[in-house]
Amino acid sequence: MNKKLLLAILVILLLCALLAFLGLRQQAQPTGSGGQSAQQEQASQEVPAPITATLAVCGDIMSHSPQTNDAYDATTDTYSYLPCFQYVQPWIESADYAVANFETTLNGPPYSGYPQFCAPDALAYDIQAIGFDLVTTANNHSMDKGFNGVVRTLDTLDQAGLAHVGSYRTQEEFQENNGVVVADVGGISVAFLGYTYGTNGIPIAEENNFCLNRFNVDYNGDCTTLDQEKLKSELAYAESLETDLIAVMIHWGIEYQTTQNEYQTQVADFLIANGADLILGSHSHVPQPMETRTVTLDDGSTRSAFVAYSLGNFVSNQSPATVNVNYTDTTAVLNLELTKDFSTGQTTVTGISYVPLLVLNRGTGVQDQYLILDVHAAMGLHDSGDTSLVTDAVYSKLQYALEGCHTILGEAYDTAGTPPATENAA
């Protein structure tokens with residue numbers, strides 16, 4: 001046989017053998033799109049898409065005596081706060097979860113306002129009806145009606161279907177979860193804790209020491225000595241639950257101050273260093289700033305958390321006209337967008353926005369004396385020529401509230417949006 005022909009045949013045979021080998025290997029390791037192996041492609045398909053949820057945060061829910069009187073209907077001998085909430089309800093309902101500070105007791109009649117609050121039970125039922133899910137009951141008015149007031153308040157909140165954190169009926173109730181309430185916020189698990197700086201000088205009997213979470217050892221004195229052992233222990237317990245986030249609702253600061261003080265920042269840094277991801281403050285009765293705060297740990301690493309120092313009064317009788325303090329009628333619904341990324345295992349705050357609000361006191365002798373107005377929506381009514389609710393005088397108050405929100409909370413976070421449509425809006 002011709003040597004050239006033989007060589008050609010050998011080359012062809014070798015090429016065929018090589019192609020056959022590659023074909024078998026291709027069958028053994030099929031590739032998906034992008035050159036991934038089947039195993040890699042399956043693994044990537046098993047990682048769920050990120051979950052995004054909205055946590056709505058509001059300020060102090062109060063019932064001064066004029067508010068209680070306004071909520072009373074003599075024809076039915078009942079109380080209803082629902083008219084007050086009609087313009088803000090869509091923002092609360094649309095969130096996956098909504099929280100606030102409940103700054104009154106529910107101890108039954110006779111009802112009272114400042115300095116020792118006791119509101120009708122209807123307040124609890126009505127805030128649940130408009131979409132609130134959880135309230136902190138740890139504040140300086142928690143003990144206004146003594147230990148019995150703490151117990152009845154919690155009983156009533158339970159009956160109304162509202163979760164609560166910060167106060168307890170028994171030692172066993174506290175120990176059951178070490179003061180931590182875990183909530184499902186649109187598929188994202190959040191561990192909530194609640195604390196107050198003090199009790200307005202009202203002592204708590206030793207046998208009832210469990211009933212209220214205080215973050216200061218000297219809660220009846222200067223309120224300047226942090227109870228580090230308690231906070232560390234309870235935050236460590238919250239971390240052991242392996243929730244996606246830990247949120248601390250805290251009653252702190254100085255009343256009527258539109259900026260946080262040094263002690264607030266010190267407490268915030270301690271909470272962040274020990275695991276808090278969200279710090280949601282109250283007590284000042286006026287808005288205070290919010291920020292993403294970063295602390296350096298002992299090992300040189302850093303931790304960050306979102307801090308809202310205060311959102312002011314969500315509803316109250318306070319205003320510049322009643323207490324001579326600016327922005328006591330200025331507040332907001334803070335909307336925190338939370339995102340859980342399954343590919344990284346991290347849950348973070350991916351969006352911060354707020355809805356500016358004005359708590360309008362329309363004066364005595366008017367039906368529905370108190371209304372919480374969405375500032376942008378109300379100004380829009382006036383701009384369109386509808387002055388039935390928003391008169392020129394009210395418009396000026398709205399402008400002042402908007403200016404206050406922009407100055408204190410930051411204009412960049414103002415949603416200036418349209419309230420979402422909801423079936424149950426009043």
Side-chain angles (χ1 to χ4, degrees), residues 58-86 89 100-132 134-170 173 194 196 199-205 208 211-212 251 282-283 285 313-319 322-323 359 361-372 426:
C58 296
D60 303 331
I61 296 174
M62 310 190 75
S63 188
H64 291 91
S65 293
Q67 293 172 261
T68 304
N69 295 337
D70 183 53
Y72 181 65
D73 185 343
T75 60
T76 59
D77 192 28
T78 59
Y79 291 84
S80 175
Y81 293 83
L82 289 175
C84 176
F85 302 127
Q86 58 187 297
Q89 180 175 350
N101 169 48
F102 194 73
E103 197 154 355
T104 183
T105 68
L106 302 170
N107 197 44
Y111 305 123
S112 56
Y114 182 83
Q116 293 187 322
F117 288 94
C118 179
D121 296 351
L123 181 60
Y125 287 88
D126 290 349
I127 65 172
Q128 191 278 337
I130 68 167
F132 280 102
L134 176 145
V135 294
T136 175
T137 49
N139 54 65
N140 59 310
H141 288 287
S142 300
M143 299 299 299
D144 279 3
K145 298 299 177 179
F147 177 68
N148 289 338
V150 172
V151 172
R152 192 184 183 284
T153 298
L154 299 181
D155 288 345
T156 305
L157 292 173
D158 284 344
Q159 293 162 12
L162 272 171
H164 45 80
V165 66
S167 60
Y168 309 92
R169 287 161 280 211
T170 65
E173 182 178 26
T196 180
T199 60
N200 287 345
I202 301 173
I204 298 175
N208 298 327
C211 76
L212 183 65
H251 210 64
S282 57
H283 175 58
H285 302 302
N313 293 318
F314 181 70
V315 63
S316 80
N317 181 57
Q318 292 187 327
S319 70
T322 60
V323 293
V359 184
N361 183 342
R362 305 171 72 196
T364 57
V366 177
Q367 186 177 6
D368 303 333
Q369 179 178 345
Y370 299 91
L371 297 172
I372 307 174

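For reference, positions follow the sequence shown, starting with 1. If you're wondering where the values come from, they're calculated on a predicted model, not measured in any experiment.
Residues that satisfy the ring pair (Phe, Tyr, Trp, His ring centres under 6.0 Å) test with Tyr125, not counting sequence neighbours, are absent from this structure. With sequence neighbours excluded, the residues forming a side-chain contact (heavy atoms from CB on, under 4.5 Å) with Asp155 are Val151, Gln159, Arg169, listed by chain and number. Residues meeting the side-chain contact (heavy atoms from CB on, under 4.5 Å) test with Thr76, sequence neighbours left out: Asp73, Thr78. Qualifying side-chain contact (heavy atoms from CB on, under 4.5 Å) partners for Ser65, counting only residues two or more places apart in sequence or in other chains: none. Checked against ring pair (Phe, Tyr, Trp, His ring centres under 6.0 Å), Tyr72 has the following partners two or more places apart in sequence or in another chain: Tyr79. Taking the side-chain hydrogen bond (donor to acceptor under 3.5 Å, both in side chains) definition, one finds that Thr137 meets it with Ser167, sequence neighbours left out. For His64, the ring pair (Phe, Tyr, Trp, His ring centres under 6.0 Å) test picks out Phe117, with sequence neighbours left out. Tyr81 meets the ring pair (Phe, Tyr, Trp, His ring centres under 6.0 Å) test with no other residue; sequence neighbours excluded. In this view, Asn69 satisfies the side-chain contact (heavy atoms from CB on, under 4.5 Å) rule with no residue, not counting sequence neighbours.
Between Leu106 and Ala124 the shortest heavy-atom distance is CD1-CB, 3.8 Å. Residue Gly108 comes nearest to Cys118 through the heavy atom pair O-SG, 3.2 Å, listed as atom of the first residue, atom of the second, then distance. Contact detail for Met143 and Cys211: the closest heavy-atom pair is SD-SG, 4.0 Å. Here the closest heavy-atom approach between residue Ala119 and residue Ser63 is recorded as CB-CB, 3.8 Å. Taking both residues in full, the closest heavy atoms of Ile61 and Ala100 are given as CD1-CB, 3.7 Å, listed atom of the first, atom of the second, then distance. Closest heavy-atom contact between Ser142 and Thr105: O-CG2, 3.8 Å.
Atom OH of Tyr111 and atom CG of Leu123 lie 11.0 Å apart (nearest 0.5 Å). The distance from atom CZ of Phe102 to atom OG1 of Thr104, rounded to the nearest 0.5 Å, is 6.0 Å. For the atom pair CG (Leu134) and CD (Gln128), the distance works out to 12.0 Å, reported to the nearest 0.5 Å.
Between the side chain of Ser112 and the main chain of Gln116, a donor-acceptor pair closer than 3.5 Å is present. Not a single donor-acceptor pair under 3.5 Å links the side chain of Ser316 to the backbone N or O of Asn313. Using modelled atom types, one side-chain atom of Gln86 and one backbone atom of Pro83 make a donor-acceptor pair closer than 3.5 Å. Listed for the Asn139 side chain is no donor-acceptor partner under 3.5 Å among the backbone atoms of Thr196.
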Under 3.5 Å, sequence neighbours excluded: what are the donor-acceptor pairs made by side chains of residues 362-371?
{"from": "Arg362", "atom 1": "NH1", "to": "Gln367", "atom 2": "O", "distance (Å)": "3.1"}
{"from": "Arg362", "atom 1": "NH1", "to": "Asp368", "atom 2": "O", "distance (Å)": "3.3"}
{"from": "Gln369", "atom 1": "NE2", "to": "Asn361", "atom 2": "OD1", "distance (Å)": "2.9"}
{"from": "Tyr370", "atom 1": "OH", "to": "Asn317", "atom 2": "OD1", "distance (Å)": "2.5"}

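The salt bridge (Lys or Arg N to Asp or Glu O under 4.0 Å) analysis of residues 103-116, with sequence neighbours excluded, yields no pairs. Applying the salt bridge (Lys or Arg N to Asp or Glu O under 4.0 Å) definition to pairs two or more places apart or across chains, those involving residues 143-152 are Asp121-Arg152.
Using a 4.5 Å cut-off on side-chain heavy atoms (C-beta onward), Ile130 and Asp126 make no contact. Taking the side chain as every heavy atom from C-beta outward, His251 and Asn101 approach each other to under 4.5 Å. Residues Phe314 and Val359 form no side-chain contact, since every pair of their non-hydrogen atoms from C-beta on lies 4.5 Å or further apart.
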**Request:** Would you check, one step at a time, whether the test side-chain contact (heavy atoms from CB on, under 4.5 Å) holds for Tyr168 with Val150?
**Result:** CA-CA 7 Å; Tyr168 309 92; Val150 172; over 6 Å; no
- prompt: Does the pair Val135 and Ile127 meet the rule for a side-chain contact (heavy atoms from CB on, under 4.5 Å), with working shown?
  reply: CA-CA 10 Å; Val135 294; Ile127 65 172; 4.0 Å; yes
Test log, rule side-chain contact (heavy atoms from CB on, under 4.5 Å), inputs His283 and Asp60 | CA-CA 7 Å; His283 175 58; Asp60 303 331; 5.5 Å; no
